[in-house]
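Have a look at the structure below, then the notes.
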2 protein chains.
Amino acid sequence: MAGIKDVAAHAGVSVATVSRVLNDSPRVSEETRDKVQAAMRALRYRPNAVARSLRTEATQTLGLIIGDILNPFFAVLARAVEDEARAAGYTVVIGNADERPEQQDHYVRTLLEQRVDGLLICPTAEITPLVEDCVRSGAPVVFLDRTLPGLEVPSVRADGTEAIHDLVRHIHRLGRRRIAFISGPELLSTGRERTRAFHDAMRACGLDVPGRYVEAGDFQAASGRAIAARFLDLSEPPEVIFAGDNLMALGALDEIRSRGLRIPDDVALASFDDVAWFAHLDPPLTAIAQPAEELGRRAVRVLLDRVEGHPVESVVLPARLVIRRSCGETETK
Amino acid sequence: MAGIKDVAAHAGVSVATVSRVLNDSPRVSEETRDKVQAAMRALRYRPNAVARSLRTEATQTLGLIIGDILNPFFAVLARAVEDEARAAGYTVVIGNADERPEQQDHYVRTLLEQRVDGLLICPTAEITPLVEDCVRSGAPVVFLDRTLPGLEVPSVRADGTEAIHDLVRHIHRLGRRRIAFISGPELLSTGRERTRAFHDAMRACGLDVPGRYVEAGDFQAASGRAIAARFLDLSEPPEVIFAGDNLMALGALDEIRSRGLRIPDDVALASFDDVAWFAHLDPPLTAIAQPAEELGRRAVRVLLDRVEGHPVESVVLPARLVIRRSCGETETK
DNA sequence: GTGCGTGATGGAAACGATTACATGGGAGTG
DNA sequence: CACTCCCATGTAATCGTTTCCATCACGCAC
């Protein structure tokens, strides 16, 4: 494949000049510029970004490590990150950690070796030595969606506390009292936060939370279904099931349907995480929406600030309650 | 950041030896190997893949250009491609073309400059000069999901012809005759194929297809909804609406619901493209499933064969009819 | 005419790895 | 003892850029 040297030879100039044309430096005469560009076209020259990066120590590439691209929440995040990065002249390499720490590490290692200019990580539960290590050694990392305790890393995430309060109040106003919660893993910051907010919100409304009304799943559909089943088998089953993420909500939905129960008449359902097709379900699902696009875009901006050496601060955006019909009709209707 | 030279100095050996340890060449004594590895750990050495790629002319990276990561079909595809590539020691850079030719070109250009070892493209409608150009100049490209006429590029895709015949027969057996089709853009190979297969299948069953029962959408939800509305407004509306992709099916679903019509009693609905949550709809949607994971995996294998210079052949995998309840209960029930 | 600033261009070092080739020492063999 | 072979290791060229510095020609002022 043609290199800068071939172009230089073909145009009868030096490689330095070709390079200057490439980076459109002003110190090239109109005439030479044309000559060089003609040579480039003639030889179908394509700059070699690898060589360029070696020299400039910058790859114009960002790494993004997410839990799973098949989870619509992460898909939206990834899309937003990519859009924002492209606008800033960067390419994004996405790594699917599949929620497994060792696979997360695999990507951290690989992306670092590829010398990405910055790294966006949605951390899995545990702090791995590798992650801790490269954070300490100053790698430009920003955490997205989740945080890890004890590490001084800027993060961009949503806070669902307020929205969970809104949800509990909404349900309370509709006259339901017994609310059960399918929580997430204690190990994930998002899991802990939501559970805590749920308890707080219930207390604030003067509602009781029996121990058997809260069970932790693993953010996967199967656990949502199993836990919903246990809730419904209780001698005094809940009037509302609130799932801690979209996949567990799906599992709960299946369990409810398979028992022939009607939503919301027999049991109401709500979910943390809003995904596009919740609106197309029958009935449409009431859910708490995270500002995923905004999170993705902000994360890129924070990361790039960091890369450029500016001081950066963590960002926390509020989640928002989206009332549909799965908890009953609202009083305003 | 520490380089191979620093490691060499720290271990008291030459850079060549360090490099040999790195690539675990057998021509290094046990003893030196340990010394070098100790030095690497001490200096937190991370190999620089950029430099390595420059020298070896291989990046161990594959490019994947898809229509839109938010479309579940592409998400599954991307996930499979990534898994298979990782297993083979490659990283994947995903580019979202957003179905826009110029954005597709942006990624083709960028990825080529980054010197990816191979390129997987789900081409948008048009052949762009750039794509044509690099295909002709022998870039290792494989088309995925769609093909472009007139270009000799190996492709990996699904064929829905058989499944569409199955679907039409299925509907026919259930006693419905008037089937309308929301087809895809004529410009896309997938769009053309499905339309053609639909006509053939109808003819084979002895069913008539009035001109106003086929309308082309753009594979987006809004067009599906609009076209469904026109079908339903016909003086003799269809008994079944068959949508050419999952997004248009969604649009049609919304339109049907908003009119208070029941599925399948008032009108049946089926979709090309099966996505996970179709099974969770009420009623679960009958759909034609493409073997997306398999497509992704095979595409990587074909591409890698190509990269390694082996002769390769295009792959066509059959799509499969998945009968659920949105066209009515099957006779076997 | 000499000196100098300016603007365009070229020469060559560097980036961090890989690798062909050279070197040197120890063991084995006659 | 001398010769050879082999194994471990080192030296240096190389990949395709960018960029610092030098060079050269030109015009202008003194």
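The sequence lines fix the lettering, A, B, ..., with proteins before strands; numbering per chain opens at 1.
- Residues V76(A) and L70(B) meet the side-chain proximity criterion, which asks for heavy atoms closer than 4.5 Å.
- Where DNA chain D meets chain B (any atom under 4.0 Å from a heavy atom), the bounding nucleotides read 5' to 3' are dA8(D) to dG16(D).
- Using a distance-only test at 3.5 Å, with no hydrogens or angles considered, a donor-acceptor pair links the side chain of Q104(B) to the main chain of T124(B).
- Using a 4.0 Å cut-off on heavy atoms, none of the residues of residues 28-36 of chain B approach DNA chain C.
- The backbone N or O of Q60(B) sits less than 3.5 Å from a side-chain atom of D117(B), completing a donor-acceptor pair.
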Compile the donor-acceptor pairs under 3.5 Å between side chains in residues 90-103 of chain A and protein atoms, sequence neighbours left out, one pair per line.
residue: T91(A); atom: OG1; partner: Q114(B); partner atom: NE2; Å: 3.1
residue: N96(A); atom: OD1; partner: I69(A); partner atom: N; Å: 3.0
residue: N96(A); atom: ND2; partner: E82(B); partner atom: OE1; Å: 3.0
residue: D98(A); atom: OD1; partner: R79(B); partner atom: NH2; Å: 3.4
residue: D98(A); atom: OD2; partner: R100(A); partner atom: NH1; Å: 3.2
residue: D98(A); atom: OD2; partner: R79(B); partner atom: NH2; Å: 3.2
residue: E99(A); atom: OE1; partner: R146(A); partner atom: NH1; Å: 3.2
residue: E99(A); atom: OE2; partner: R146(A); partner atom: NH2; Å: 3.0
residue: R100(A); atom: NE; partner: E102(A); partner atom: OE2; Å: 3.1
residue: R100(A); atom: NH2; partner: Q103(A); partner atom: OE1; Å: 2.6
residue: Q103(A); atom: NE2; partner: N96(A); partner atom: O; Å: 2.8

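- An end-to-end axis angle of 60° holds for the helix from dG1(C)-dC30(D) to dG30(C)-dC1(D), taken from five base pairs per end and rounded to 10°.
- Under a 3.5 Å cut-off, the side chain of T32(B) and the backbone N or O of V28(B) do not form any donor-acceptor pair.
- Put simply, the side chain of S25(B) never gets that close to the backbone of N23(B): no donor and acceptor are under 3.5 Å apart.
- In this structure, the side chains of V156(B) and F143(B) stay at 4.5 Å or more apart for every pair of heavy atoms.
- Between L295(B) and V81(B) there is no side-chain heavy-atom pair separated by less than 4.5 Å.
- Distance alone, capped at 3.5 Å, places no donor-acceptor pair between the T17(A) side chain and the V15(A) backbone.
- Applying the side chain to side chain donor-acceptor pair (under 3.5 Å) rule to pairs touching residues 38-54 of chain B yields D133(A)-R44(B), sequence neighbours excluded.
- Side-chain atoms of S314(B) never come within 3.5 Å of backbone atoms of P154(B) as a donor-acceptor pair (strictly under, hydrogens ignored).
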Legend entry - Nucleotide-resolved protein contact map, nucleotides 11-24 of chain C, B/S/- at heavy-atom distance under 4.0 Å: B-BBBBBBB-----
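- Contact check for L188(A) versus F219(A): side-chain heavy atoms found under the 4.5 Å cut-off.
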